[in-house]
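Nothing here was measured: the structure is a model prediction, and the numbers come from that model. When reading the values below, keep in mind they use all heavy atoms of this one structure, side chains included, and skip hydrogens, waters and symmetry mates.
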Amino acid sequence: MPKYLLIMRGTDESNAAMMADIDEAMATTRQFIEEMAKAGVLLAAEGLDDPGQGVVVDFSGEAPVVTDGPYGETKELFGGFFLLDVASKQEAIEWAKRVPAVPGSKIEVRRVPGSDEVPQVG
C-alpha cells in the first residue's frame with residue numbers, strides 16, 4: 001500500500017490558538033492517533049519543537065549559512081506529521097480531514113514514493 005505524509009502546517013496565530021488550550025489539543029490528538037493505530041494505518045506521528053528553537057541552513061550561496069530559525073519569509077510553519085500506510089490518496093485525504101486542527105491550520109497530503117520509484121545510482 002502507498003504511504004502518505006500528512007504534514008501539519010500552522011501560522012503564528014493558529015499555533016497561539018492551539019497553545020491557549022494545549023491540554024484539549026493534546027487529548028484530541030492522542031485520541032486521533034489511537035483511531036489511526038486501531039485502523040492499522042499509522043506508521044509514525046511526531047510533533048516538532050517551537051520553530052524559534054531551530055536553525056535554518058541556507059544553501060543559496062557558495063557556502064551554507066546557518067541562521068537561527070524559523071525561516072523569516074515563511075507564513076506557514078511545518079509543525080509535525082502523521083505517516084500513514086493507506087490504500088489510496090483519497091483515503092489519506094479522508095484521514096487528513098479528521099485531524100484535530102485549529103482554525104487557520106492546514107494539512108498537506110503528500111505521497112511517499114516507494115524505494116522502487118527512487119532513481120538508482122549507476
Side-chain angles (χ1 to χ4, degrees):
M1 291 205 303
K3 295 177 189 170
Y4 283 86
L5 193 63
L6 308 185
I7 303 167
M8 297 180 285
R9 296 192 179 277
T11 62
D12 289 340
E13 293 79 19
S14 66
N15 290 341
M18 181 185 67
M19 294 306 289
D21 196 2
I22 190 64
D23 292 337
E24 175 67 21
M26 294 303 293
T28 57
T29 299
R30 276 192 296 275
Q31 182 179 9
F32 180 65
I33 289 171
E34 288 174 16
E35 290 172 17
M36 290 187 295
K38 285 179 186 173
V41 300
L42 183 66
L43 296 175
E46 296 291 342
L48 299 177
D49 199 358
D50 182 307
Q53 301 300 313
V55 298
V56 174
V57 181
D58 185 345
F59 291 90
S60 298
E62 288 185 29
V65 176
V66 178
T67 56
D68 290 337
Y71 191 68
E73 297 176 20
T74 302
K75 299 215 182 334
E76 296 175 356
L77 297 170
F78 178 13
F81 67 89
F82 302 102
L83 180 61
L84 307 182
D85 190 7
V86 293
S88 66
K89 180 178 183 179
Q90 189 56 45
E91 185 179 354
I93 291 168
E94 291 305 315
W95 281 107
K97 289 161 69 174
R98 295 177 57 191
V99 171
V102 297
S105 300
K106 294 179 182 176
I107 303 296
E108 180 179 347
V109 178
R110 302 268 304 269
R111 191 173 71 84
V112 179
S115 60
D116 60 332
E117 297 175 273
V118 177
Q120 301 299 315
V121 177

Problem - Side chain Glu91, main chain Ala87, donor-acceptor under 3.5 Å - result: yes

Exercise for the section: Dump the intermediate steps for side-chain contact (heavy atoms from CB on, under 4.5 Å) on Glu108 and Arg9, then the final yes or no. Expected result: CA-CA 7 Å; Glu108 180 179 347; Arg9 296 192 179 277; 2.7 Å; yes

Handout entry: Leu84 vs Leu6, side-chain contact (heavy atoms from CB on, under 4.5 Å): CA-CA, chis, key distance, verdict
Key = CA-CA 8 Å; Leu84 307 182; Leu6 308 185; 3.6 Å; yes

Exercise for the section: For the pair Glu94 and Lys97, find out whether any cationic side-chain nitrogen is under 4.0 Å from an anionic carboxylate oxygen. Expected result: yes

Problem - Donor-acceptor pair, side chain of Tyr4 and main chain of Leu83, under 3.5 angstrom - result: no

Fill in the blank from the handout: On a heavy-atom basis, the closest approach of Gly104 and Ser14 is C-CB, 3.9 Å

Practice task
Flag the pair Phe32 / Phe82 as yes when their ring centroid distance falls below 6.0 Å, and as no otherwise.
Solution key: yes

Exercise for the section: Report whether Val109 and Met36 are members of the same hydrophobic cluster (ILVMFWY, side-chain heavy atoms less than 4.5 Å apart, transitive linking). Expected result: yes

Handout entry: Spacing of Met18 atom CE and Met26 atom CE [to the nearest 0.5 Å]
Key = 8.0 Å

Handout entry: Residues clustering with Val55 (ILVMFWY side chains joined when closer than 4.5 Å, directly or via others)
Key = Val57, Phe59, Val66

Exercise for the section: May I have the step-by-step check of side-chain contact (heavy atoms from CB on, under 4.5 Å) for Met8 and Phe81, ending in yes or no? Expected result: CA-CA 6 Å; Met8 297 180 285; Phe81 67 89; 5.6 Å; no

Exercise for the section: Check the pair Leu42 / Glu34 against side-chain contact (heavy atoms from CB on, under 4.5 Å), numbers first and verdict last. Expected result: CA-CA 9 Å; Leu42 183 66; Glu34 288 174 16; over 6 Å; no

Practice task
To the nearest 0.5 Å, tell me how far Arg110 CZ sits from Lys3 NZ.
Solution key: 16.0 Å

Practice task
Check whether any side-chain N or O of Thr29 sits under 3.5 Å from a backbone N or O of Ala25 as a donor-acceptor pair, and report yes or no.
Solution key: yes

Problem - Nearest-0.5 Å distance, CD of residue Gln31 to CZ of residue Arg98 - result: 9.5 Å

Handout entry: Linked, directly or transitively: Ile33 and Leu48 (ILVMFWY side chains, under 4.5 Å)
Key = no

Problem - Distance-minimising heavy-atom pair for Ala96 and Ile107 - result: CB-CG2, 3.8 Å

Practice task
Keeping the roles fixed (side chain from Thr28, backbone from Glu24), state whether a donor-acceptor pair exists under 3.5 Å.
Solution key: yes

Completion exercise
Only one of Val86, Val112, Asp85 passes side chain to side chain contact (heavy atoms under 4.5 Å, CB included) with Leu43, and that residue is Asp85

Practice task
Could you grab the distance from atom OG1 of Thr11 to atom NZ of Lys106, nearest 0.5 Å is fine?
Solution key: 9.0 Å

Practice task
Give a yes or no on whether Arg111 atom CZ has more than 12 heavy-atom contacts from other residues, nucleotides or ligands under 6.0 Å away.
Solution key: yes

